[in-house]
Amino acid sequence: MSVLSEKLSALLEDRGMTVAQVARLCAIERPTVYQYFTGKRAINNPEHLRMIAGVLCLTPQEQLEVKDAFTMERIGYSLYTQRKKVQEFLRYIPAMDAPEWMTFDGQSCRLPEEPVLGGELAVCQAAFAMISQAYEREEELYLLLQPEHRNLLGSLRFLVNSPRQASVTHIVCLESDAKQGRIENLNRAQHLLSLSAMVRRYRPLYYYGKAAERFGAISVLPGLIVGKNAAMEVTADGHVALLHTNPQVVEMFQKGFQQMARQCKPILLYKSDLEAELSWGMDHLQGDVYSESLEMPSDLCTSAFWTEDLIRRYMNRAVPNRERLIQSFAVYSQRHHGAKRTGRVVQILNPHYVKDFLKTGVFHEYPPQFLEGPLEPRDRRYLVEQVLAACREGWLQIHILPENATILNQRTEICVQNHQVFSIQLWSEGRFMLFTFLEPGIVASVTDYLESLLEEGNTLGHEASMNQLQQWLQEYL
């Protein structure tokens, strides 16, 4: 029996009904329903499943469980699990913060004299000493550690938002398996996202391989932390380490790490303020980035329609370099609009956030430190009319999610461009952050998930979404 047939059979028994009763009430042939419940025949007809669910009088939770089982049977366990992991990853983003890791006081900032360290605490204290020294001396630090080494990497909290010039280059192993490996890689990407948000000068790189082969129990000292004056090899479990302070040995590890880094690729890029994001955006628009773009914006993603006059009226008067920022934003918006018009842009909209913008005029795409609100009703109407005009021109498609399908919050938006780049834009506690993932497997996983939301029944179609937006415009403005 399949997961779906087992679930339906359990519900049938719980309701005290028979297959014959379900078949009669659904007006489906009895042999077909019997095969559905015994798992001898897959339910390929969603309407049949809807009728069976109605006859069994499912609760909302049971409906969700049956829908999940149906999806798993239709697309397969591997893809189903991958999509669930992407959903978990996306829901983690708005709440992203530095994890609760092991921390130490200033007394543990000196390197130990013993070359062999035993016990997780001793190893973590040595790692903290190396990281704190790099911070104080503004040196470069090299890491060859999997994101699963949470306590060792926790020492990087020392560098959170540091104004100093200390930098971290971090190499991780990503699974090459295109199926199960993608799930593991998404787990690692989630940890790397936190580290990127914590450490300003953090450069994560990756190579493909089998993490279990290098970082498994049979590997003696697979982990590596290299500073200017010390290098430390660490066991897979992080409980034993070998510390080197001989200058010639440390130099050997430095050169070996640098050679390895040259063979790796960046897994993600990070920008931490609006001006840097605009600069990156201008460079990004040089290519054919919007030939195919799939977006989940914070409300209506109207930045491409902002004029210089509109920007000037709402740009925060206290923002540094205000006039230069206004000019940069205006040029970016104009080029952004032109680039989008040459391609095909699909936006997946949250109905709550769209209606909130229409009713309140609070603009969530950028923090109030940059753009002050609320927007006046005439400006809201102008922007929504521009969105609808773009839809009629054909280069923009909008699809509205169901009312209960909240994935991101209003301070977060994501975008996949040309199946090559996955970007996350968010702001939290006054910080503006832009993360761009480049690893193909992570980009493909997120693309697949967003495309699955566009399947029949998961969102309103384009025409229906346009009509809904027009209705809201008339209702609220």
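Counting begins at 1 with the first residue of the sequence.
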Residues Glu233 and Leu224: closest non-hydrogen pair is CG-CD1, 4.0 Å
Any donor-acceptor N/O pair, His244 side chain to Val250 backbone, under 3.5 Å
no
Just say parallel, tilted or perpendicular for the rings of Tyr332 and Phe329, cut-offs at 30° and 60°.
tilted
Arg188 with Glu148: basic N within carboxylate O range, under 4.0 Å:
yes
For Ser423 and Leu434, which heavy atoms make the closest approach, and how far apart are they?
CB-CD1, 4.5 Å
Gln146 (side chain) donor-acceptor with Cys173 (main chain) under 3.5 angstrom:
yes
Please determine, by modelled atom types, if Gln410 and Ser298 share a side-chain donor-acceptor pair under 3.5 angstrom.
no
What are the two closest heavy atoms between Ser465 and Ile400, and how far apart are they?
OG-N, 3.0 Å
Could you report the tightest heavy-atom contact between Val362 and Asp299, atom names first, then the distance?
O-OD2, 4.4 Å
Could you check Val226 against Leu144 for side-chain contact (heavy atoms from CB on, under 4.5 Å), going step by step and ending with a plain yes or no?
CA-CA 9 Å; Val226 183; Leu144 180 59; over 6 Å; no
In sequence, state the C-alpha distance, the side-chain angles, and the governing distance for Leu473 and Arg381, and then conclude on side-chain contact (heavy atoms from CB on, under 4.5 Å).
CA-CA 7 Å; Leu473 179 63; Arg381 173 173 283 277; 3.9 Å; yes
Any sub-3.5 Å donor-acceptor pair from Glu376's side-chain atoms to Asp379's backbone N or O?
no
Test of ring centre spacing under 6.0 Å for Phe437 and Phe435:
no
Go through the steps to decide whether Tyr142 and Gln258 satisfy the test side-chain hydrogen bond (donor to acceptor under 3.5 Å, both in side chains), and finish with yes or no.
CA-CA 9 Å; Tyr142 303 133; Gln258 292 165 357; 2.8 Å; yes
Ion pair check, Arg317 and Glu372, cut-off under 4.0 Å
no
Would you check if the side chain of Asn418 reaches a backbone N or O of Gln420 as a donor-acceptor pair within less than 3.5 Å?
no
Electrostatic pair Lys359-Glu475, nearest N-O below 4.0 angstrom:
no
Are Met315 and Arg322 close enough, and set up right, to give a side-chain contact (heavy atoms from CB on, under 4.5 Å), and what steps lead you there?
CA-CA 8 Å; Met315 179 67 71; Arg322 183 174 184 270; 3.8 Å; yes
Is the Trp306-Phe363 ring centre distance short of 6.0 angstrom?
yes
Salt-bridged, Glu308 to Arg313, with N to O below 4.0 Å?
no
Under 6.0 Å between ring centres, would you say that holds for Trp395 and His337?
yes
If we check side-chain contact (heavy atoms from CB on, under 4.5 Å) with Val346, which of these qualifies: Val416, Leu294, Leu396, Leu450?
Leu294
So does Lys255 pair up with Glu251, basic N to acidic O under 4.0 Å?
yes
Cationic N near anionic O, under 4.0 Å, Glu385 to Arg378
no
More than 12 heavy atoms of other residues, nucleotides or ligands under 6.0 Å from CD of Gln248: is that the case?
no
Would you call Glu88 and Arg91 a salt bridge, taking side-chain N to carboxylate O under 4.0 Å as the test?
no
Is there a donor-acceptor contact under 3.5 Å linking the side chains of Glu439 and Tyr208?
yes
Set out, in order, the CA-CA distance, both residues' side-chain angles and the distance that settles side-chain contact (heavy atoms from CB on, under 4.5 Å) for Tyr314 and Asp309, then state yes or no.
CA-CA 9 Å; Tyr314 292 103; Asp309 178 63; over 6 Å; no
Other residues, nucleotides and ligands only: do more than 12 of their heavy atoms fall within 6.0 Å of CD on Glu113?
no
Do other residues, nucleotides or ligands put more than 12 heavy atoms under 6.0 Å from the NZ atom of Lys67?
no
side-chain hydrogen bond (donor to acceptor under 3.5 Å, both in side chains) between Gln425 and Thr412, intermediate numbers included
CA-CA 6 Å; Gln425 177 181 298; Thr412 309; over 6 Å; no
If you measure from the Lys or Arg side-chain nitrogens to the Asp or Glu carboxylate oxygens, is any gap between Arg341 and Glu393 under 4.0 Å?
yes
If we ignore hydrogens and angles and just use 3.5 Å, is the side chain of Gln254 paired with the main-chain N or O of Lys228 as donor and acceptor?
yes
Could you walk me through whether Arg83 and Glu451 satisfy the salt bridge (charged side-chain N to carboxylate O under 4.0 Å, His left out) test, starting with their C-alpha distance in whole Å, then the side-chain angles of each, then the deciding distance to 0.1 Å, before giving a yes or no?
CA-CA 11 Å; Arg83 288 179 181 175; Glu451 289 176 342; over 6 Å; no
Which pair of non-hydrogen atoms, one from Ala236 and one from His149, has the smallest distance, and what is that distance?
O-NE2, 3.0 Å
Identify the heavy atoms of Tyr353 and Asn409 that sit nearest to each other, and give their distance.
OH-CA, 3.3 Å
Will you find, in the side chains of Gln386 and Thr302, an N or O donor that is under 3.5 Å from an N or O acceptor?
no
